[in-house]
Amino acid sequence: MSSISPTENLLSGLSDRQREAVTHTDGPLLIVAGPGSGKTRVMAHRVAYLVGEKGIPPWKILAVTFTNKAARELRERCERLVGGGSNELQVRTFHGFCSRVLRSDGEHVGLKPEFTIYDADDQARVARRILDQFDIDPKQFPPRALLSVISDAKNNMRSPAQLSRRTETYRDEVAARVYEAYEGALQRANAVDFDDLLLKTFQLLEGYPEMLEKYQGRFEHLLVDEFQDTNALQFQVARLLALKSQNICVVGDPDQSIYSWRHAEPSNLTDFQSTFKNTKIVTLDQSYRSTQIILEAADSVIGNNDGRMEKNLWTENSRGTRITVAEAYNEEEEARLVLEAAKELKNKDGITRNEVAIMYRVNAQSRAFEVACNREGIPYRLVGGVKFYDRKEVKDILSFLRLISNPADDAALERIINVPARGLSARTVTELREVAVSNKVPVLDVILDVMRVNMGDEEPRAYHVDLATRALKSVTAFGDLITRFIEQSLALDTNELIDLIVERSGYGAMLREDKERGEERMENLQELKASAEQFAGSEERGQLTEFLENVALVSDVDGLQGGDDSEVEEEAITLITLHQAKGLEYDAVFLVGLEEGMLPHSRSVDDPTQLEEERRLLYVGMTRARKRLYMFRAFQRRFRGQSGSQMASRFLLEIPDTLVTNRDIRGHDRVADRMPDPMWTKRSASTPAPRPATRSAGDAFDAGDKVRHKAFGEGVVVSSSGTGADTQVTVAFSGQGVKRLMLSYAPLEKIVEEESAQQFDPDEEQIEVQDPDLFAP
DNA sequence: GCGTCCTACCTTTTT
DNA sequence: GGTAGGACGC
């Protein structure tokens with residue numbers, strides 16, 4: 001027997017199933033991979049196997065993921081396994097890959113290499129201008145809604161003409177008209193939106209046989225991660241690329257499909273088998289991540305979804321600790337309890353902060369945790385959140401850069417043409433835009449034309465612009481500013497260019513005058529500069545394009561988190577949305593905000609399909625946990641300033657009691673026990689009126705009633721408002737002042753003559769609501 | 001033409 | 001609670 005070959009080494013740590021997935025290299029392969037089943041590991045090993053064993057050159061392998069995070073992780077794993085030459089491996093997000101293709105071959109579909117990628121903001125700006133132009137009332141046809149119709153059309157590969165042919169409602173008609181104008185605007189701006197990246201790549205591959213051949217020949221092996229989240233266009237692009245070689249390996253888990261709102265079509269998973277004949281299917285159902293209890297709980301939740309491809313997830317891991325389900329009074333207490341428990345985890349179980357994640361449905365929920373962490377001095381890592389590149393000042397400077405890189409970028413131009421104010425009023429801008437639109441040229445062309453003549457050029461103006469002398473002067477000055485920027489950009493690194501822009505555009509001066517936030521904003525610009533520095537050194541024009549592309553497509557910049565002053569590389573707790581948490585794992589996971597309306601989200605409760613997606617979202621969250629899982633709900637939550645209370649999430653009831661610990665964190669009752677109690681229900685049309693939520697006889701509190709409170713002693717009811725569990729009672733306590741109390745929670749008791757004193761449950765948590773207004777002078 | 005105040009809408013999740 | 005766009009006054 002010879003010594004172990006590298007291949008044996010590569011395969012030795014894998015299970016039989018995993019090995020099967022790694023070594024089936026010829027022909028289509030579908031891997032159904034449950035959470036924690038070593039999916040990324042298999043993909044990385046597969047790549048290494050292709051390179052090391054099958055002798056495939058790394059650059060002939062394309063691995064496509066959904067998020068940048070996933071791409072980064074997969075790339076790192078591959079590099080570790082493959083070693084040298086792996087940097088030529090193509091690991092990209094779908095959008096990143098398509099952008100790359102279009103930068104080099106986009107001219108077939110009308111794109112110049114420096115095309116700009118429009119974000120939602122730019123799209124809305126374009127849409128608003130079009131509505132304005134067509135004299136359509138934006139209140140009647142919100143830009144967002146129209147853009148959503150356009151996005152649908154693009155994802156179904158329908159052109160404006162095709163859309164207008166199948167209009168059914170007036171709204172569709174309007175949308176079709178706007179779509180056409182929108183396409184024109186983007187075309188003129190040499191810009192694409194996110195859908196276009198995919199659509200135009202598809203069109204390129206579909207309509208140009210030489211292009212198809214080029215890319216089919218370029219990539220012999222294709223791997224697609226998170227296949228359940230791919231949309232129709234992505235599937236088509238993948239299909240075309242792999243049509244010839246048939247060497248396509250897709251990995252997915254239908255139970256983790258959480259992007260239908262972004263046109264994901266989990267049915268791609270089944271369609272795959274009909275598209276690619278002789279597909280081999282490998283199911284990975286052993287979890288190497290979670291404890292048995294966590295898996296069972298997750299399984300019992302997801303089991304409530306209909307029509308699933310059943311998977312029997314199993315593990316050799318230990319049974320583990322029961323899941324803690326607990327409730328807090330409001331989001332502040334929720335945050336406090338979570339942090340308390342996290343501290344305890346560190347002391348008792350040795351689970352460090354790096355191994356703890358708090359996951360929530362919507363970004364806004366992070367706030368309470370940020371506040372609590374800051375107060376407790378606990379470092380945290382906020383994933384996503386307020387995106388750095390979304391800050392106003394950053395976007396403004398980026399718009400200058402965009403305009404320099406792509407002078408046709410009207411959205412960028414309109415953003416900064418009068419920032420800081422330089423005498424270009426809305427009227428002037430409208431005039432310039434109208435001239436540009438009717439001549440089908442970029443706005444900057446018109447500006448430069450005005451400037452040329454105004455600066456003494458003999459040739460008459462190419463465009464007729466109706467502007468006052470003062471406005472002409474301002475337009476000229478702006479044109480001159482941008483022209484100089486463009487000239488100088490040729491010799492400067494992007495970070496140097498940023499300096500130049502900040503100083504010469506007047507932006508820096510504007511910030512220095514802003515006493516309130518100027519300094520902070522300037523710091524953000526310094527940070528922008530720092531992020532541009534990574535691109536410095538390479539050929540100037542290319543680096544600017546590359547930097548801007550990175551900004552547009554890579555939103556989760558590492559080391560550039562928006563979190564206030566979270567120390568770098570310190571042991572920190574992770575705050576993350578459930579969507580972003582997919583693919584990650586932590587020793588301990590806190591799922592918070594498990595209330596009706598939150599998870600499931602209120603926008604999803606009416607639609608069974610969407611409800612199932614919410615359930616999958618929870619499933620994703622639960623299965624991120626290795627050892628410990630906590631699930632929290634708050635009785636009351638502030639929502640856009642106002643607070644309201646909601647029932648516990650229906651999903652909590654789907655977890656069997658046997659998997660949940662009774663011993664919760666701080667003596668709260670288990671939500672599961674409380675649930676059927678109408679005391680916890682919010683009164684609404686669909687729920688029966690709850691019985692009065694008092695500890696005493698059950699009758700209402702009226703002004704003048706004498707009451708007793710466990711902590712505040714005796715008092716007199718001043719007023720009461722609301723009904724049922726929502727009842728708030730204002731009470732004047734002797735010596736304690738006036739308090740407003742939430743009846744359903746406060747241990748408040750009416751003093752009746754014959755009643756004996758001690759009626760309280762000594763274990764009952766007492767919580768008060770104080771309305772600060774009542775203390776105002 | 002510019003700044004300020006007011007309002008409406010926002011908030012589902014991301015490339 | 002924050003922001004973007006519109007109305008209005010200087």
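Residue numbering restarts at 1 for every chain, and letters A, B, ... go by the order of the sequence lines.
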Could you tell me whether the phosphate oxygens of B:dT13, OP1 or OP2, come under 4.0 Å of any side-chain nitrogen or oxygen in A:Arg616?
no

By centroid distance (under 5.5 Å) and plane angle (under 30°), are A:Tyr259 and B:dT14 in a stacked arrangement?
no

Quick one: label A:Thr428 by what it contacts on the DNA or RNA (base, sugar-phosphate, nothing), any heavy atom closer than 4.0 Å.
sugar-phosphate

Looking at A:Glu596, A:Glu334, A:Glu331, which one forms a salt bridge (Lys or Arg N to Asp or Glu O under 4.0 Å) with A:Arg637?
A:Glu334

Lys/Arg N to Asp/Glu carboxylate O, A:Glu114 vs A:Arg103, below 4.0 Å:
no

Start at the 5' end of DNA chain B and walk down; is the nucleotide closest to A:His601 or to A:Gly96 reached first?
A:His601

Over all strands shown, is A:Asn418 touching base, sugar-phosphate only, or nothing at heavy-atom distances under 4.0 angstrom?
sugar-phosphate

Atom NE2 of A:His263 to atom P of B:dT15: distance rounded to whole Å?
16 Å

Are OP1 or OP2 of C:dG5 and a side-chain N or O of A:Arg128 less than 4.0 angstrom apart?
yes

Separation of A:Arg427 atom CZ from C:dG6 atom P, in whole Å?
16 Å

For A:Gln580 and B:dT14, is the shortest distance between a side-chain N/O and OP1 or OP2 below 4.0 Å?
yes

Report the residue (A:Ala120 or A:Ala471) whose heavy-atom-nearest nucleotide on DNA chain B is the more 5′ of the two.
A:Ala471

Answer with base, sugar-phosphate or nothing: what part of the nucleic acid does A:Arg92 contact at a heavy-atom distance below 4.0 Å?
nothing

What integer distance in Å separates A:Glu431:CD from B:dG1:P?
12 Å

Just call it for A:Phe66: base, sugar-phosphate, or nothing, with non-hydrogen atoms closer than 4.0 Å on any strand.
sugar-phosphate

Distance, rounded to the nearest Å, where A:Arg144 contributes CZ and B:dC10 contributes P:
6 Å

Among A:Asn304, A:Asn305, A:Asp255, find the one that has a side-chain hydrogen bond (donor to acceptor under 3.5 Å, both in side chains) with A:Arg615.
A:Asn305

Starting the side chain at C-beta, find the nucleotide from B:dT13, B:dT15, B:dT11 nearest to A:Arg603.
B:dT11

Look only at the side chain of A:Asp409 and the backbone of A:Ala412, and say whether a donor-acceptor pair between them is shorter than 3.5 Å.
yes

Closest of C:dG2, B:dC2, B:dT14 to the A:Arg367 side chain is C:dG2

Round to the nearest Å and state the distance from A:Glu393 atom CD to C:dT3 atom C1'.
14 Å

Main chain of A:Lys200, side chain of A:Asp196: is a donor-acceptor contact present, judged purely on distance under 3.5 Å?
no

Nucleotide nearest A:Thr93 (side chain, heavy atoms from C-beta), chosen from B:dT11, B:dT13, B:dT15:
B:dT15

Test: A:Arg616 and A:Glu613 ion pair at under 4.0 Å:
yes

Consider the side chain of A:His95, meaning its heavy atoms from C-beta on, and name the nucleotide among B:dT13, B:dT15, B:dT11 that approaches it most closely.
B:dT15

Rounded to whole Å, CD of A:Gln234 lies from C1' of B:dT15 at a distance of 9 Å

Within this structure, what is the CG-to-P distance between A:Leu147 and B:dT14, rounded to whole angstrom?
19 Å

Quick one: is B:dT14 close enough that its OP1 or OP2 comes under 4.0 Å of any side-chain N or O from A:Thr577?
yes

Spacing of A:Arg391 atom CZ relative to C:dG2 atom C1', expressed in whole Å:
14 Å

